[in-house]
2 protein chains.
Amino acid sequence: MAEDRRTRRSRRALGAALVELVLERGFTALTVEDITERADVARATFYAHFRDKEDLFARVTADLLAELSERLVPAVAGSAVGFTGKPILEMLRHAREDRDLYRIVLRGEGDGKPLQMFVDACARATAEEFRARAERNAVQPRIDPELLARVWVGEQIAVLRWWVEQETPSLPAEEVVRMLLDLALHGRYWASGFEPPA
Amino acid sequence: MAEDRRTRRSRRALGAALVELVLERGFTALTVEDITERADVARATFYAHFRDKEDLFARVTADLLAELSERLVPAVAGSAVGFTGKPILEMLRHAREDRDLYRIVLRGEGDGKPLQMFVDACARATAEEFRARAERNAVQPRIDPELLARVWVGEQIAVLRWWVEQETPSLPAEEVVRMLLDLALHGRYWASGFEPPA
DNA sequence: TTGTTTACAGACACTCTGTTCAATAACCGA
DNA sequence: TCGGTTATTGAACAGAGTGTCTGTAAACAA
């Protein structure tokens, strides 16, 4: 007996209703009753499962991030050698499957805490990786690893957000990754088609 | 007669109280009474000036962004030739003077709308600039200008956020800008101290 | 089928909201 | 300094939403 079918039904309905409504009206504008009504569930039932609407939101996003983390493990493991595009590619694919939720999270909906924490965690991990890699290979980073890490993840999050917000995705995920790799490799002047200044 | 001294006092006090309290407890947790109490102003007075707390927040941030835009004009005007670091430098300086408010905005506090809109506006303008520049000089962008624009502003916002969130700024603004310019010029492999893969 | 668990509807006190009002105080210009 | 104007104040108000707690009905697992 893993879980009562009724509780699964209720929880799923509430989660789905939340996602729908946040996209329609934004998180703060929502009422618990709005959610239960959309989910076709009694208000009392809501409180049997969640403390309040931020609790529901937190669980929904936590589930998503847990799922993402899991899918990211193999991608990150193989990228210790350099800038493969594997992690970001995996994120784009994940986002394609759960576009609505990704939109919500990346908009910073619901006070934006889950997003911020995820970004900060990524940045810290990336900075640490940069430092370790430099140490291991006895090279001197030419700019602050902390700064470089922020640039790195800031770029990816920005691209991800832009990508999921498009109604008709202008570029397939694989194409985006290719461009990002080219960009990392050749730099911004190359990408824009210009020669760097003397 | 520009403005009654009393209204100025009240408005300023309420704005300052909001900023303090958002930093302490976060926007959503705040009550109008919390704000008026901290500002030492009657609750009725609050409603004489603002529709609700999001209205107050919107005005405070709008003022900040207006101020920023004004300071950005000369910096942007001179940067039509390439990637000078002037705009981001001006933002860092501005942020240094108004660190608290910058923190709040960059955290996406208050549903994050002002930040998102600012970012989107910057991205659109940047993409347009890329396109126009390529057209003017008859060069072919090697990656989607839209994507490049997102990378560009996403990076700057991320760095800005990281910078204002530090308690003891590890790097002076001018140093940060220098690093960003180097990064744009030489690419990420150079910055991390590695040679790019064959 | 049976005992257990969940969903349900309604009621409850509570907090916060946004508005109104008359009395008081501060302001500005003359 | 004065007098008219305008803002602030505290209090009261209805209304919306919250979170909790009932007893009853329904769905569940075994």
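By convention in this document, chain letters (A, B, ...) are assigned in the order of the sequence lines, proteins followed by strands, and residues within each chain are numbered from 1.
Taking the C1' atoms of five terminal pairs at each end of the helix from C:dT1-D:dA30 to C:dA30-D:dT1, the two resulting helix axes are inclined by 50°, rounded to 10°.
Judged as a side-chain contact (heavy atoms from CB on, under 4.5 Å), and not counting sequence neighbours, the contacts of B:L21 are B:E24, B:R25, B:L30, B:D34, B:I35, B:R38. Evaluation of the side-chain hydrogen bond (donor to acceptor under 3.5 Å, both in side chains) rule for B:E97 yields B:R71 as partners, not counting sequence neighbours.
Using modelled atom types, no side-chain atom of B:T31 and backbone atom of B:E33 make a donor-acceptor pair closer than 3.5 Å. The backbone N or O of A:V139 lies less than 3.5 Å from no partner atom in the side chain of A:N137, so there is not a single donor-acceptor pair.
Rounded to whole Å, atom C1' of C:dT4 lies 10 Å from atom CG of A:D4. If you take CG of B:L56 and C1' of C:dT17, they are 15 Å apart, rounded to a whole angstrom. Residue B:F50 contributes atom CZ, which lies 15 Å from atom C1' of D:dT8 at whole-angstrom precision. Remark: P of C:dT19 and CG of B:D55 are 11 Å apart, rounded to the nearest angstrom. For the pair B:D40 CG and D:dA7 P, the computed distance is 20 Å after rounding to whole Å.
Considering SG of A:C122 and CE of A:M117, their distance stands at 12.0 Å, rounded to 0.5 Å. Interatomic distance, B:F50 CZ to B:L56 CG, rounded to the nearest 0.5 Å: 4.5 Å.
Ionic pairing of B:R11 and B:E3 is present here: one or more N-O contacts between side-chain nitrogen and carboxylate oxygen are shorter than 4.0 angstrom.
B:H49 has no side-chain polar atom (N or O) that falls below the 4.0 Å cut-off from OP1 or OP2 of D:dA7.
Applying the salt bridge (Lys or Arg N to Asp or Glu O under 4.0 Å) test to pairs two or more places apart or on separate chains, those with a residue in residues 138-155 of chain A are A:D120-A:R150, A:R131-A:E146, A:E155-B:R188.
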From CA spacing to verdict: salt bridge (Lys or Arg N to Asp or Glu O under 4.0 Å), B:R178, B:D182:
CA-CA 6 Å; B:R178 191 188 57 73; B:D182 276 349; 3.0 Å; yes
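Both tests pass for B:R99 against the ring of B:W163: distance under 6.0 Å to the centre and angle within 45° of the axis.
Looking at B:V32 and B:D52, their side chains never come closer than 4.5 Å, going by heavy atoms from C-beta outward.
The residue among B:A44 and A:E54 whose nearest nucleotide of DNA chain D lies closer to the 5′ end is B:A44.
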Using a cut-off of under 3.5 Å, enumerate the N/O to N/O pairs linking the protein to nucleotides 16-18 of chain D.
from, atom 1, to, atom 2, distance (Å)
D:dT18, OP1, A:V32, N, 3.4
D:dT18, OP2, A:V32, N, 3.4

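A heavy atom closer than 4.0 Å to some atom of DNA chain C occurs in A:R6, A:T7, A:S10, these being the qualifying members of residues 5-23 of chain A.
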